[in-house]
Colleague: 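Provided herewith is a single structure, encoded as structure tokens, for subsequent inquiry.
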Amino acid sequence: MYELSLIQKLTIMVLPIVFAVTVHEAAHGWVADKLGDRTARTMGRVTFNPIPHIDLVGTIILPLGLYALSSMAGGPGFLFGYAKPVPVNAARLHNPRRDMALVALAGPASNLLMAILWTLVVAVAHRVGGGVPMLSLFLFQAGLFGILINAFLLVLNMLPILPLDGGRVMASLLPVSLARKYAKLEPWGLVILLVLLMSGILTPVILPVVSALQSLLLGWIVG
């Protein structure tokens with residue numbers, strides 16, 4: 001089998017990463033707009049055009065750089081990235097506590113949808129592989145990575161850690177008094193998340209779910 005170079009792998013990863021994190025944010029803005037908060041719309045963030053959502057460092061440089069450095073160090077490739085967060089004004093939502101949970105869930109739901117769409121890309125590349133070998137290989141590899149990155153973001157974002165989407169959902173479900181105490185952890189949330197990721201503590205939690213989702217989606221192609 002043809003072995004891809006690191007540069008080729010990074011090139012293949014760009015589009016799946018960009019769309020995974022930017023559509024995720026656009027979904028938050030779209031649902032917030034439907035539920036009464038037009039903040040994101042007035043800022044031009046209710047769009048599936050990735051450009052308004054891209055953070056040069058968080059969306060492109062950080063994930064590709066981390067993957068390249070960890071790969072060159074002999075590891076499997078570590079990924080972490082983000083897009084510009086979509087602003088949401090909870091006070092403008094019809095039912096702030098319920099609707100904040102729905103806005104939060106929109107992000108992971110978009111990743112699930114994108115994982116399904118990338119599965120279709122893999123299926124198409126698999127079936128037309130003999131026609132244009134290099135194009136088929138590119139689409140096949142991009143599709144596989146698209147499934148992986150979206151499955152990973154889906155599972156990661158549902159962890160009950162603020163400011164992740166799972167943390168937003170948890171805050172909406174907790175009694176108000178507990179939710180206020182829980183919210184005080186948010187300034188430390190990303191630090192806690194990075195420590196947990198880099199230490200490997202989250203690996204037994206995240207990887208089995210990601211692998212199961214990948215197997216389920218790719219099983220459609222084989223079937």
Side-chain angles (χ1 to χ4, degrees), residues 1-27 48-85 107-126 128-129 132-159 164-165 190 193-194 197-198 200 202-203 206-218 220-221:
M1 180 179 288
Y2 179 71
E3 180 67 26
L4 296 174
S5 69
L6 178 59
I7 296 299
Q8 289 173 319
K9 289 179 181 178
L10 294 178
T11 302
I12 286 170
M13 291 164 60
V14 170
L15 281 181
I17 289 175
V18 167
F19 281 108
V21 297
T22 59
V23 173
H24 179 108
E25 292 299 330
F48 292 105
N49 173 3
I51 294 176
H53 307 290
I54 288 176
D55 181 287
L56 180 60
V57 174
T59 311
I60 299 176
I61 296 175
L62 180 63
L64 295 183
L66 283 174
Y67 183 87
L69 290 173
S70 57
S71 295
M72 288 187 292
F78 178 77
L79 272 174
F80 184 80
Y82 56 88
K84 295 176 183 176
S110 74
N111 290 124
L112 177 59
L113 176 59
M114 283 187 284
I116 294 171
L117 293 176
W118 282 114
T119 303
L120 296 178
V121 171
V122 172
V124 170
H126 181 66
V128 300
V132 188
M134 289 306 296
L135 177 60
S136 296
L137 178 62
F138 177 86
L139 291 176
F140 187 79
Q141 294 291 343
L144 289 178
F145 184 74
I147 297 169
L148 171 62
I149 189 63
N150 280 286
F152 176 76
L153 288 176
L154 165 60
V155 177
L156 178 71
N157 275 285
M158 285 309 297
L159 295 174
L164 297 180
D165 300 322
L190 286 179
L193 177 62
L194 281 173
L197 283 173
M198 298 185 74
L202 287 179
T203 301
I206 294 177
L207 286 190
V209 184
V210 171
S211 296
L213 184 54
Q214 285 180 290
S215 298
L216 177 63
L217 291 173
L218 291 173
W220 295 350
I221 300 172

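Reckoned from all heavy atoms, side chains included, excluding hydrogens, waters and symmetry mates.
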Colleague: Applying side-chain hydrogen bond (donor to acceptor under 3.5 Å, both in side chains) as the test, list every pair that has at least one member in residues 113-125; sequence neighbours left out.
Modeller: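 Not a single pair qualifies under side-chain hydrogen bond (donor to acceptor under 3.5 Å, both in side chains).
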Colleague: Please report the shortest heavy-atom distance between V121 and G143, naming the atom on each side.
Modeller: CG1-CA, 4.4 Å
Colleague: So which of L213, D165, V209 actually passes side-chain contact (heavy atoms from CB on, under 4.5 Å) with L154?
Modeller: L213
Colleague: What is the distance from atom OG1 of T22 to atom CE of M114, rounded to the nearest 0.5 Å?
Modeller: 7.0 Å
Colleague: Quick check: closest heavy atoms across P16 and G146, and the distance to 0.1 Å?
Modeller: CB-CA, 3.8 Å
Colleague: Kindly write out the residues that satisfy ring pair (Phe, Tyr, Trp, His ring centres under 6.0 Å) with H53, not counting sequence neighbours, or none if the list is empty.
Modeller: none
Colleague: Using the side-chain contact (heavy atoms from CB on, under 4.5 Å) rule, take L139 and V124 through it: C-alpha gap first, then chi angles, then the decisive distance, then the call.
Modeller: CA-CA 8 Å; L139 291 176; V124 170; 5.6 Å; no
Colleague: For I206, what residues pass the side-chain contact (heavy atoms from CB on, under 4.5 Å) criterion, not counting sequence neighbours?
Modeller: F152, V155, L156, L159, L197, L202, V210
Colleague: Hey, could you give me each pair passing side-chain hydrogen bond (donor to acceptor under 3.5 Å, both in side chains) that has a residue in residues 206-216? Not counting sequence neighbours.
Modeller: none
Colleague: Do you know the tightest heavy-atom contact between I17 and F145?
Modeller: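 I17 and F145 have their closest heavy atoms at CG1-CE2, 3.5 Å.
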Colleague: Do N150 and F19 come within less than 4.5 Å of each other through their side chains, counting heavy atoms only?
Modeller: no
Colleague: Going from CG on L148 to CG on L218, what distance comes out if it is rounded to the nearest 0.5 angstrom?
Modeller: 10.0 Å
Colleague: Tell me the closest heavy-atom pair linking L144 and V122, and the distance in Å.
Modeller: N-CG2, 3.4 Å
Colleague: Go through the structure and list residues passing side-chain contact (heavy atoms from CB on, under 4.5 Å) with L120, not counting sequence neighbours.
Modeller: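 For L120 the side-chain contact (heavy atoms from CB on, under 4.5 Å) partners, ignoring immediate neighbours, are L117.
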Colleague: Taking all non-hydrogen atoms of both residues, which atom of L217 and which atom of A115 are closest, and how far apart?
Modeller: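 Looking at all heavy atoms of both residues, the shortest contact is CD1-CB, 3.7 Å.
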Colleague: Is N157 close to H24 at the side-chain level, that is, under 4.5 Å between some pair of heavy atoms?
Modeller: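 Counting from C-beta outward, H24 and N157 do come under 4.5 Å.
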Colleague: Output all residues satisfying side-chain contact (heavy atoms from CB on, under 4.5 Å) with P52, sequence neighbours left out; order by chain, then residue number.
Modeller: R45, T47, N49
Colleague: So which atom in I54 and which in K84 form the shortest heavy-atom distance, rounded to 0.1 Å?
Modeller: O-CE, 3.1 Å
